[in-house]
Every structure is written in C-alpha cells, then in structure tokens.
Enquirer: 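Dropping the structure in here first, questions after.
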Amino acid sequence: MKNIPEELLKPFNSKEVEASLYKVWEESGYFNPDNLPKIDGKERENPYTIILPPPNVTGVLHAGHALMLVVEDILIRYKRMQGFRTLWLPGTDHAAIATQSKVEKDIYKKEGKTRHDLGRDEMLKRIGEYAKESHDTITSQCRAMGSSLDWSREAFTLDDKRNLAVRTAFKKMYDDGLIYRGYRIVNWDPKGQTTISDDEIVMEERKGKMYTFKYSKDFPIAISTTRPETKVGDTACAVHPDDERYKEFIGKTYKCNFAGADIEIKIIADSSVEKEFGTGALGVTPAHSSIDWNIKERHNLPVRVVINEYAKMTADAGPLLSGKKVTEAREEVVKWLTLNNLLEKEEDVVQNIPTAERTGGVIEPLPKLQWFVAVNKQFNHFDKETTLKELMHNAVASGDIKILPDRFDKVYHHWIDNLHDWCISRQIWYGHRIPVWYKGEEIFCDINPPTGDGWSQDEDTLDTWFSSGLWTFSTLGWPAETSDLKFFHPTDVLETGYDILFFWVAKMILFSTYLLNEIPFKNVYLHGLVRDGQGKKMSKSLGNIIDPVEMIEKYGADALRMALIAGTGPGNDSKLSEDKIRGYKHFANKVWNATRFVLEKTNDLENIVTVDDLSENHKQYYKEWQERKADVTKDIEEFRLGMAAEKIYNYFWHTFADVIIEETKKEIMENKNKESAQSVLLHILREQLIVLHPFTPFVTEEVWKHIKKEEDGLLMVATW
RNA sequence: GGGAGAUUAGCUCAGUUGGUAGAGCAACUCGUUUACACCGAGAAGGUCAGAGGUUCGAGUCCUCUAUCUCCCACCA
C-alpha cells in the first residue's frame, strides 16, 4: 500500500511547480531534436519543424504572442509524443524601424538628444543594449508559458549568421538583376526620415478640402486637387484624349506665375484621366505623386521637386512658399487663389491619407534613388523563365502550401497581383547594411567588401522584412549546406497572425522558392487577434491589456494556455477575459484532485487488470474514452485545436470525473468488481494525462510522477 | 470602389461532410457523514438577423436584404 504524497493533499499550486518543471524539461535535453529518446529502440525518422515567428525586441510579450506560443507548443508537444523528431526553433527579430524609433523616442525624452547628436556608433550601441534587455525579457516569458523551444538553436535576425544569409541573398538577387537601384517616387516618412514600403503604410481617413481653380487667368482649364501647394511643382495638365471640351488645347504650353512660382504647363492627353472626375483635368505633379510620375514617364515631362525630406517647400516652390511646411503652404496658396479670384470651388471631402505605420508621420511621396526588388522581372530560375510574382503565386496555387483558413488564399493572390516593386532600402541605422560599395561612378556588390582604397559602403540598411523573409532557412544554417537544413526544411507549419500575411508570409515564400527552389512551409496557420472580454482590441490607451505574465502569476500557465486556445479557430479573433482564465485554473485543480482521488482509491491494488479483462461496463468506459481520444487526435491533426481542447476538457470533467469516478467509487467501496474498477480508473487517467499534456503541460507532468509506471520517463516524451 | 468575415440561450462563443439545437459563465432550485465549494444534481432559457429558394429534411447549401467588423485600392 502506497501513501499519498504529501504535496498532493493541498490544492494545485502552479507557482510551486512551473519553474522547476520547466528546468527539468530543459535539462532533459528533449527540446532538442538531437537528444530525443528512441522509439522502440529505433531512431526517430520523421522531422516535424516549426520556426517560431521571432517576436520584436521592442518590449514585452502580449496576449497575441502568448496565443502563438500556445498553438505552436501544442502542435510540437503532440508530435513529439507521436514519435516525430520535433524541432521548434526560437529567435527574436531586430525589427529595424520599430526598435530604432522606440529607442530614439526614449533617448529624446530622457536626454533631449536625437540620433544625430549621438552619432551612428553610439546610437547603435544604445539600441543594442535595449534589444538585449528586451530579448532577455521575452525569452524568459516564453519559458514561463511552458514553450518547449530548442534554445540551443536560438537565432536573432541581426546576428552574424543571419547577416551572412542576408548578404548572400542580396548578392544573388543583384546578379540576377532582381535587385536594382532606381530613381523614382518612394514613400517618404518625414517623421522617421526614411523610406518605407507600401506595406508599411496605414491609410487614415481625414477630412480635407477639394479645391477647384485655374493656374492663372489665361489658363484655359480648371483643375481640382486636395493639395494645392504641390501645384507649384506641376509641369503638365492632363485631360482625356476623347474629351471634347479640352481637345483644342492639347499640345499647347502655357507660362504662368502660380503663387509666386514661374511654371510652365503643357496640356497633354492621357487616357488614365477620368472625364467624369472633377473638371476632367488633372494637374500633373511628377515629383510628388506616383500616378503623375507615371504620366511623366509616358509623356517625357520635366520633374520639378518642390517639397523636401522635412515636408517643407523647396526654393523651387517660389519666394512665397519656400521654406514653409506643406500645411502652411497649402493655406498660403488658398489665400493667394482667393485674392486673385482664381478659386472656383471649395468642397469638403473625406480623404485617405497615407501615414507611416511606425511613426504615424504623413507620407510624402518623393523621387529618390533607392534599392528595389523587381517582382515582375523575367529571370532564369533553375532553368525556367519566371518572375518572383509567379513563384509566389505558384507555391500556393499548386497546393504545396496550404493556408488556413483557406479564405486567405484569395487575399494572398490578390495582394500579389497588386504588388509593385518592393523598396528595400531604409535610411535608418539599426539593421543589415546594404552590401554595396561605391567609388566615384563605380558600384560594387558582393558578400564581402572590395579590396583597395577609396570605397565607401552604402549608408542605408535593409527593410527588416528582408532578413525575416529568409527566416525558415537562415535559422537552419543557410547559406551553409547544413544537415539541419537538409533534414528540417521545408518546415511543417508556419503559425502567425493574419495581420502579417503580406509583410512576412508572402516574403518567406518569395525568398525560399527563389533561393532554395523549395517552399518554406507546408501549412500556414493564421491565428486571429486576441481581444479583451468585450471584443475590443487590447491597447494601452484603453487600459484593457491582459498581461500574460500577470495571468501566469495569478492562475498558472496551464490556465492561461487553455483560456487562450479553447474555442478558438484559425483566422478568427478571440476574446480573452480573466474570468475565462480563472475557469481553467479550476480545471487544472480538477485534474490534480481527480488524480489524488484515483491514487487514494487504488493504492491497495496489487496487479492492474489489463483492458481486455475489465468487466463489461468498465470495458465500455474504456471504449468510449478511446473514441474520444481518436476524436481529439483527429481535431489536432486538422488544426482544430480549440475544439480539441474543449473536448478533452469536457471529457475529463464531465465524463471521467462526474460519471466514471462517481460510479466506480461505489463499486470500490462495496468491493464489487473492485480490481476492475480500480484498473479502469488508472488506464483512463493515464491516457488522459497524455492527451491533456500538450494543452496543460505543467499540471499533467506534475501528477504524472505519481501515475507513471516504473519504466516510464517524463510525460513530455510519453507515447501518444 | 473592390473583397472577406460576423449575426445561434441574459453574456461569450462552439456546431468539421445538411439528419430531432450545444458548452462555459450568469441567474434559479436542491444537495454536499470526506477527491475537489476551484464541488455535485436538477430545472429554466433560442421562430439559429430577415425574406425567398433547393431538399424527404437547412443553423449548415443557393439568392436577395439589413446591421456590424475587418482588409485591400496612387480617383487627382
């Protein structure tokens, strides 16, 4: 007769066991696929790989990260117990602009200094320190969630190995003509003092005014615009070729003085102009609108830059406007128009203003010399003519990559269709430096710097998503041909938020298919946003943030994990409330208590009765459990994790505890079928702990100590 | 302007291929001589947004409408 262990007599206390259990797991070496125990004396043959989407080193983990960790840990733990050689590889992201602007802000607040006051080296040192601190917080939080990550393979998007991957990728694309330097309109963020990609723009709805006017009294056609200040940069006025109203003026050039600036406007015909919109005539400002830039290309018009990097008017804007901010210049122009009786109409309109995602600055389209990835260019790819766009399309259209939920297929393809060349150079300091050197007119691009004197490296850094795009294989050692790369790539699942489908998922597909001729992952599982109990977005200003760390402190990691996953599915936003977490804390305790009870009632059992020899009703219980287990297994296989969690929860509580325990309790007390009753409890409990383990690893591993057979090891490597 | 999603019990949501509506929480009644009050038993609660259609049968498929949410888009 065994005694009930002392610690089981109290309610389950997550705080007492979690840290030490994680240590036991970590020290077992089982997080590392190279150290996993054999199955029936044989090495594990099949890989199962998930690369953790690297959290930004900009702060702490939020509920969305917590959900990501739970989903991936459930999958990994499940597959590990199924005998796969599982690798879950952790890392963090330097998040270039996000991190730099955060540190810049902090420094300005505390010391009143800008990055230029500090200089490049000092600034990078300061960002590095901040990133290190963030990194440590984040990784310890990952551990607190119970994540079975292989820390021995941890990577950082800005470490030396990843830098080599970046330089190698850049060089190859440069040689293939897929990366080029071009002078064209880019999205300039005057606040962040850098270019940004189309994806990093957030459209903001604002009230504005649409002004209709003529450049001068002699000018024959009125135009409409919401940005009259840019009109000092106009070099043409475009009308539709079929527009009868304006046909007679096409080809004529007018010299005017507009708001103090001498401009020359040629009237041209272009079919992109809509006859019905406004006056049917478009003032063409090549330097400050990308549509107009395209018109300029077709008609070979001059370019007149009237706005600078600080969103101020240049000298070319004329004496009236020069040096003024664009918003001031706008008022100035309207005043001038009114004064000169040129303003025909002024209407209130709602317009979409492009702003920078990170800084909130209003984007100023400016022509600049920048680096781009050519997405539409034909090139030879493993003996086949194709384009990067086609590679991205095919990986998903062929079914090689499955996106869950599949409605995102359409969104993905639509995004590719509308994709323009990707601007990858950034005028910030924190990031991968562009591997290009200049000497006079000479340009040199290679993995390593050129020899000889007089070369200077490009000052710019790369878009953070360039290095993130290489993530599934740069983490496995690429460009080196490592055994990890061979064995673990393509990865099995990419699990991430649907909000970064374009930023990241699409770019990983681009780089992997281009560089390796291989998909980066077989499945994309897109999780939704974690909202608060009322369905509101969590935000600091609303004060409704649920801090995962605080919740773990209060209710335990198992409770938080269950609350995050239960009842959620791919692609759908979920709601998280403290009540829900509390409810699942009760569940962890239920598991704890049920185990104690079973131990108490079975401690006099000498020999466990095999399943085949159970009495009929007990056999029936076991059979029903088997069905439930198969059901849960199928749910996990098909990524219905929320459903699986609820089913196992329900079975444990309302079938095992409420029915089976209650029924066998009587039998055991009355000595009726006692050994069979005791045995069925042990059989089912044991297997339930296995099935529950991926969801609630801590409490199950803890009670497993008392339930496991002599020869059993840790629950985390028990056989499913 | 284009696209997607949501609408099921007071609240939060499940409902996998069409087969007599489910869970949790809240509220109600009762119970608790010991696994657990972080408990158990029971009862109550829904014309599944609305209208049509397909079908022997529709929450589930089709069409339309309404409301809400999100994404995409260089109409100046």
Side-chain angles (χ1 to χ4, degrees), chain A residues 4 8-12 185 187 198-199 201-203 210-212 223-228 230-231 234 237-238 272-274 276-285 288-295 349 351-352 354 363 365 405 407-415 417-420 498-499 501-502 528-529 531-537 555-556 559 563 566-569 571-577 579-580 582-601 631 634-635 638-640 642-643 645-647 649-650 653-654 657-659 661-662 665 681:
Chain A
I4 302 306
L8 270 183
L9 296 174
K10 299 173 289 181
F12 175 57
I185 299 268
N187 308 307
D198 296 345
D199 295 329
I201 285 179
V202 179
M203 288 294 185
M210 171 89 82
Y211 303 94
T212 301
I223 54 160
S224 297
T225 182
T226 52
R227 298 199 60 184
T230 63
K231 298 293 108 183
D234 283 14
C237 172
S272 71
V273 180
E274 301 246 350
E276 274 68 47
F277 189 88
T279 60
L282 167 67
V284 183
T285 325
H288 303 290
S289 149
S290 43
I291 319 170
D292 296 6
W293 180 270
N294 293 339
I295 296 176
V349 290
Q351 49 178 352
N352 286 321
I363 296 301
R407 62 184 146 90
F408 280 98
D409 271 22
K410 219 189 264 179
V411 183
Y412 171 80
H413 289 296
H414 182 252
W415 175 80
D417 288 336
N418 287 317
L419 186 61
H420 301 290
Y498 61 73
D499 49 331
L501 181 64
F502 309 137
L529 246 54
R531 297 168 178 277
D532 75 357
Q534 274 72 51
K536 290 203 195 80
K537 216 168 178 169
Y555 305 107
T568 67
N572 290 330
D573 292 353
S574 55
K575 295 186 179 74
L576 181 67
S577 63
D579 277 347
K580 197 173 175 187
R582 192 182 297 116
Y584 285 108
K585 183 202 161 160
H586 297 172
F587 176 64
N589 192 54
K590 188 80 182 178
V591 172
W592 181 264
N593 275 311
T595 305
R596 173 180 39 193
F597 179 77
V598 170
L599 285 170
E600 271 172 16
K601 291 294 163 191
D631 208 15
K634 194 169 173 245
D635 281 338
E638 290 165 17
F639 297 103
R640 289 190 298 270
M643 181 117 273
E646 286 191 345
K647 278 181 185 164
Y649 166 93
N650 257 293
W653 200 313
H654 299 298
D658 290 348
V659 179
I661 284 185
E662 290 305 321
K665 189 192 278 182
L681 285 177

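Chain identifiers are assigned alphabetically (A, B, ...) following the order of the sequence lines, protein sequences preceding nucleic acid strands; residue numbering begins at 1 within each chain. Every heavy atom of this structure was used, including side-chain atoms; hydrogens, water molecules and symmetry mates were not.
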Enquirer: Could you measure between the two P atoms, the one in B:rU34 and the one in B:rG19, and give it in whole Å?
Expert: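 Pairwise P distance, B:rU34 against B:rG19, rounds to 45 Å.
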Enquirer: Provide, to the nearest angstrom, the distance between the CD1 atom belonging to A:I363 and the P atom belonging to B:rA73.
Expert: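 Going from A:I363 (CD1) to B:rA73 (P), I get 14 Å.
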Enquirer: Using a 4.0 Å heavy-atom cut-off across all strands, classify A:M643 as base, sugar-phosphate, or nothing.
Expert: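 Sugar-phosphate, backbone atoms only, no base.
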Enquirer: Could you go over nucleotides 67-70 of chain B and give all protein N or O partners under 3.5 Å, atom names and distances?
Expert:
none

Enquirer: Identify whether any heavy atom of A:A238 sits under 4.0 Å from a base atom; if not, whether one sits that close to sugar-phosphate; answer base, sugar-phosphate or nothing.
Expert: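 No contact at all - A:A238 keeps every heavy atom at 4.0 Å or more from the nucleic acid.
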Enquirer: Taking atom C1' in both B:rU54 and B:rU63, compute the distance separating them and give it to the nearest angstrom.
Expert: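 Straight-line distance between the two C1' atoms is 11 Å.
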Enquirer: What nucleic acid atoms does A:E662 come within less than 4.0 Å of, heavy atoms only: base, sugar-phosphate, or nothing?
Expert: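 Since a base atom lies under 4.0 Å of A:E662, the category is base.
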Enquirer: Taking atom P in both B:rU12 and B:rU29, what distance in whole Å separates the two?
Expert: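 Pairwise P distance, B:rU12 against B:rU29, rounds to 25 Å.
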Enquirer: Counting side-chain heavy atoms from C-beta on, which of B:rU16, B:rC38, B:rG40 comes nearest to A:P11?
Expert: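 Comparing B:rU16, B:rC38, B:rG40 against the side chain of A:P11, the answer is B:rC38.
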Enquirer: Quantified in whole Å, what is the C1' atom distance between nucleotide B:rU55 and nucleotide B:rA66?
Expert: 27 Å
Enquirer: Give me the stems containing RNA chain B, sorted by first residue, counting only three or more consecutive Watson-Crick or G-U pairs with both distances under 3.5 Å; say none if there aren't any.
Expert: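 Result, WC/G-U stems under 3.5 Å: B:1-7 with B:66-72, B:10-13 with B:22-25, B:28-31 with B:39-42, B:49-53 with B:61-65.
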Enquirer: Counting any heavy atom closer than 4.0 Å, what does A:I661 reach on the DNA or RNA strands: base, sugar-phosphate only, or nothing?
Expert: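 Since a base atom lies under 4.0 Å of A:I661, the category is base.
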Enquirer: Could you walk me through whether A:K634 and A:D631 pass salt bridge (Lys or Arg N to Asp or Glu O under 4.0 Å), step by step?
Expert: CA-CA 5 Å; A:K634 194 169 173 245; A:D631 208 15; over 6 Å; no
Enquirer: With the side chain of A:N294 defined as its heavy atoms from C-beta on, choose the nearest nucleotide among B:rC74, B:rA35, B:rA73.
Expert: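 The listed nucleotide nearest to A:N294's side chain is B:rC74.
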Enquirer: Can you tell me how far C1' in B:rC61 sits from the matching atom in B:rA73, rounded to whole Å?
Expert: 32 Å
Enquirer: Please determine, for the side chain of A:S290, which listed nucleotide (B:rC74, B:rA76, B:rU16) has the closest atom?
Expert: B:rC74
Enquirer: Look at the side chain of A:R407 and decide which nucleotide, out of B:rC72, B:rG40, B:rA4, has an atom nearest to it.
Expert: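 Of the options given, the side chain of A:R407 lies nearest B:rA4.
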Enquirer: In whole Å, what separates the C1' atom of B:rG46 from that of B:rA14?
Expert: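 One C1' to the other, the span is 15 Å.
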Enquirer: Would you say A:H414 places a side-chain N or O within less than 4.0 Å of OP1 or OP2 belonging to B:rG2?
Expert: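 No, no such contact exists.
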Enquirer: Among the nucleotides B:rC38, B:rC74, B:rA76, which one has an atom lying closest to any side-chain atom of A:N589?
Expert: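 Of the options given, the side chain of A:N589 lies nearest B:rC38.
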Enquirer: Can you tell me, in whole Å, how much space there is between the P of B:rU8 and that of B:rG59?
Expert: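 Their P atoms lie roughly 15 Å apart.
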Enquirer: With the side chain of A:F597 defined as its heavy atoms from C-beta on, choose the nearest nucleotide among B:rA35, B:rC74, B:rG40.
Expert: B:rA35
Enquirer: Mark yes or no for a side-chain to base donor-acceptor pair under 3.5 Å between A:K590 and B:rC36, with no hydrogen or angle criteria applied.
Expert: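 Yes.
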Enquirer: With rounding to whole Å, what would you report as the distance between B:rA49 and B:rG40 at their C1' atoms?
Expert: 38 Å
Enquirer: Just by modelled atom types, is the A:R640 backbone N or O under 3.5 Å from a matching donor or acceptor in the A:D635 side chain?
Expert: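 Not at all, since once roles are kept as given, no pair shorter than 3.5 Å links the two residues.
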Enquirer: Taking atom P of B:rU12 as reference, at what distance in whole Å does atom CG of A:N572 sit?
Expert: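 Rounded to whole Å, this separation is 16 Å.
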Enquirer: When only distance counts, do a donor and an acceptor, one from the side chain of A:H586 and one from the base of B:rC39, lie under 3.5 Å apart?
Expert: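 When only heavy-atom distances are counted, A:H586 does not reach the base of B:rC39 through any donor-acceptor pair under 3.5 Å.
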Enquirer: Any sub-3.5 Å donor-acceptor pair from A:T285's side-chain atoms to A:H288's backbone N or O?
Expert: no
Enquirer: Quick test: give all pairs of protein nitrogen or oxygen and nucleotides 21-31 of chain B nitrogen or oxygen below 3.5 Å, distance rounded to 0.1 Å.
Expert:
{"unit_1": "B:rG24", "atom_1": "OP1", "unit_2": "A:H654", "atom_2": "NE2", "d": "3.4"}

Enquirer: With a non-hydrogen cut-off below 4.0 angstrom, is A:F12 in contact with a base, only sugar-phosphate, or nothing?
Expert: nothing
Enquirer: Can you work out whether A:D635 or A:D658 has the more 5'-proximal nearest nucleotide on RNA chain B?
Expert: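 Of the two residues, A:D635 wins.
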Enquirer: Name the closest nucleotide to the A:K665 side chain, picking from B:rA35, B:rU16, B:rA73.
Expert: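 Nucleotide nearest to A:K665's side chain: B:rA35.
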Enquirer: Side chain of A:L282: nearest nucleotide among B:rC71, B:rG5, B:rA76?
Expert: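 Side chain of A:L282 sits closest to B:rA76.
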Enquirer: For A:V411 and A:T226, find the nucleotide of RNA chain B closest to each by heavy atoms; which residue's nucleotide sits nearer the 5' end?
Expert: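 In this pair, the answer is A:V411.
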Enquirer: When you check the side-chain N and O atoms of A:N418 and A:H414, is any donor under 3.5 Å from an acceptor?
Expert: yes
Enquirer: Backbone N or O of A:W653 within a donor-acceptor pair of the A:K590 side chain at under 3.5 Å?
Expert: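 No, A:K590 side chain to A:W653 backbone: no donor-acceptor pair under 3.5 Å.
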Enquirer: Do the side chain of A:K580 and the main chain of A:A563 share a donor and acceptor less than 3.5 angstrom apart?
Expert: yes
Enquirer: How are the rings of A:Y649 and A:F587 set to each other: parallel, tilted or perpendicular (split at 30° and 60°)?
Expert: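 Tilted: the ring planes of A:Y649 and A:F587 meet at 30° to 60°.
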